[in-house]
Number of protein chains: 2
Amino acid sequence: MQRETRQRRLIMEILLNSMDHPDALTVFRRAQDKKAKVSIGTVYRTLELLVKEGKALKFYDANAIARYDAKTDFHHHLICKICGKVEDLDVSLFKSDQMIKEIEEKTHFKDIEYHLTIYGICEDCAKRGNRES
Amino acid sequence: MQRETRQRRLIMEILLNSMDHPDALTVFRRAQDKKAKVSIGTVYRTLELLVKEGKALKFYDANAIARYDAKTDFHHHLICKICGKVEDLDVSLFKSDQMIKEIEEKTHFKDIEYHLTIYGICEDCAKRGNRES
DNA sequence: TTTTGTGCAAACCGTTTGCATGGAG
DNA sequence: CTCCATGCAAACGGTTTGCACAAAA
């Protein structure tokens with residue numbers, strides 16, 4: 001049912017080696033940098049496939065552009081309001097199991113999952129005095 | 001510098017009376033229901049203005065469509081993975097002050113704010129047996 | 001009258017999709 | 001050989017924008 005193609009291996013490899021939560025176009029460019037042939041359509045289709053398989057995470061940045069990363073350990077994202085840089089944030093900071101339990105207890109929702117996107121000002125931009133990038 | 005127009009009053013009123021976090025098109029339709037004349041472009045411009053003024057919140061739903069609500073008390077959102085319904089969730093569930101303090105201590109970010117979008121399955125959809133809407 | 005806001009429609013741009021072809025199994 | 005995957009390009013759809021006109025101050 002699912003076939004292993006050159007393109008799928010390529011895109012998964014790029015995602016695994018990308019620590020900056022790339023969008024589809026960035027993945028596409030990294031493929032080109034490797035002199036590998038892929039189309040942007042295939043990049044989109046493959047990234048969505050990885051998300052459905054649970055091998056990648058998808059979230060939207062402040063410009064509503066879809067960002068992806070290879071799912072390793074669960075973590076949240078910290079986005080700089082000035083320069084847009086995205087950093088990972090360890091989920092253990094937030095006692096997520098306890099939180100999910102609390103939510104399930106206090107609401108009628110089941111099968112809860114969440115992604116926390118935190119906005120702030122990164123060290124570099126704070127030093128620069130909050131200028132626009 | 002800022003002028004009070006019929007359209008701005010209208011859109012703010014619609015947003016204040018909408019408890020379902022409408023997108024721009026929904027706000028536009030509600031204006032039409034009131035037999036009020038506005039263009040979709042003005043709706044977008046005005047909603048963005050309200051966000052910049054801090055009078056409205058903006059976030060993206062699971063389909064990357066911008067949703068708005070009049071900013072009253074700070075709260076999070078609970079979105080049903082099946083039917084897409086959006087509910088409010090009291091922020092007090094999550095000890096947000098403590099969490100922000102923790103984040104500021106453990107990262108180098110400043111001026112932190114966050115919006116938590118939680119996905120789950122609502123009571124109605126759970127009863128229906130998780131069918132697609 | 002001056003200046004900002006609106007309506008309209010075209011442009012934008014990230015993303016999806018139809019279809020003919022290619023390649024995995 | 002069969003099907004699923006890919007490439008290509010067109011279409012999609014939410015959002016933005018330029019410009020002439022309207023209306024607030």
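In the text below, chain A, chain B and the rest are named by the order of the sequence lines, each starting its count at 1.
- Note on Arg45(B): every side-chain N or O is 4.0 Å or more away from OP1 and OP2 of dT16(D).
- Proximity of Thr5(B) to the phosphate of dA23(D): no side-chain N or O atom is located under 4.0 Å from OP1 or OP2.
- Under the 30°/60° scheme for interplanar angles, the aromatic rings of Tyr60(B) and Tyr60(A) are found to be tilted.
- At least one side-chain heavy atom of Leu15(A) sits under 4.5 Å from a side-chain heavy atom of Leu47(A).
- Between dA5(D) and Thr42(A), no contact under 4.0 Å exists linking OP1 or OP2 to a side-chain N or O.
- Inter-residue side-chain proximity for Glu48(B) and Tyr44(B) is flagged as unmet; no heavy-atom pair is nearer than 4.5 Å.
- In this entry the distance linking CD1 of Ile11(B) with C1' of dG5(C) reads 11 Å, nearest Å.
- Under a 3.5 Å cut-off, the side chain of Arg67(A) and the backbone N or O of Asp61(A) do not form any donor-acceptor pair.
- What separates CD1 of Ile40(B) from P of dG13(D) is a distance of 15 Å, to the nearest Å.
- Rounded to whole Å, atom P of dC13(C) lies 12 Å from atom CG of Leu25(A).
- Along DNA chain D, the nucleotide closest to Tyr68(B) and the one closest to Thr46(A) are compared, and the more 5′ of them pairs with Thr46(A).
- Atoms CG (Leu10(A)) and C1' (dG23(C)) sit 16 Å apart, rounded to a whole Å.
- For dG22(C), neither phosphate oxygen OP1 nor OP2 lies less than 4.0 angstrom from any side-chain nitrogen or oxygen of Gln7(A).
- Lys37(B) has its NZ atom 14 Å from the C1' atom of dA22(D), to the nearest Å.
- Residues Ile14(B) and Lys34(B) are in side-chain contact: their nearest non-hydrogen atoms beyond the backbone lie under 4.5 Å apart.
- Taking 4.0 angstrom as the limit, Arg8(A) places a side-chain polar atom (N or O) nearer than this to OP1 or OP2 of dT6(D).
- In terms of phosphate contacts, Tyr44(A) brings no side-chain nitrogen or oxygen within less than 4.0 Å of OP1 or OP2 of dT16(C).
- Taking for each of Ile65(B) and Arg9(B) the nucleotide of DNA chain D with the nearest heavy atom, the 5'-most of the two is the partner of Ile65(B).
- Whole-Å rounding puts the Glu48(A) CD to dT17(C) P distance at 10 Å.
- Candidate nucleotides dG25(C), dT15(D), dG7(C) were compared by shortest atom distance to the side chain of Ser39(B), and dG7(C) ranks first.
- The separation between Asp23(B) atom CG and dG14(D) atom P is 8 Å, rounded to whole Å.
- The interatomic distance linking Arg6(A) (CZ) with dC4(D) (C1') rounds to 16 Å, in whole Å.
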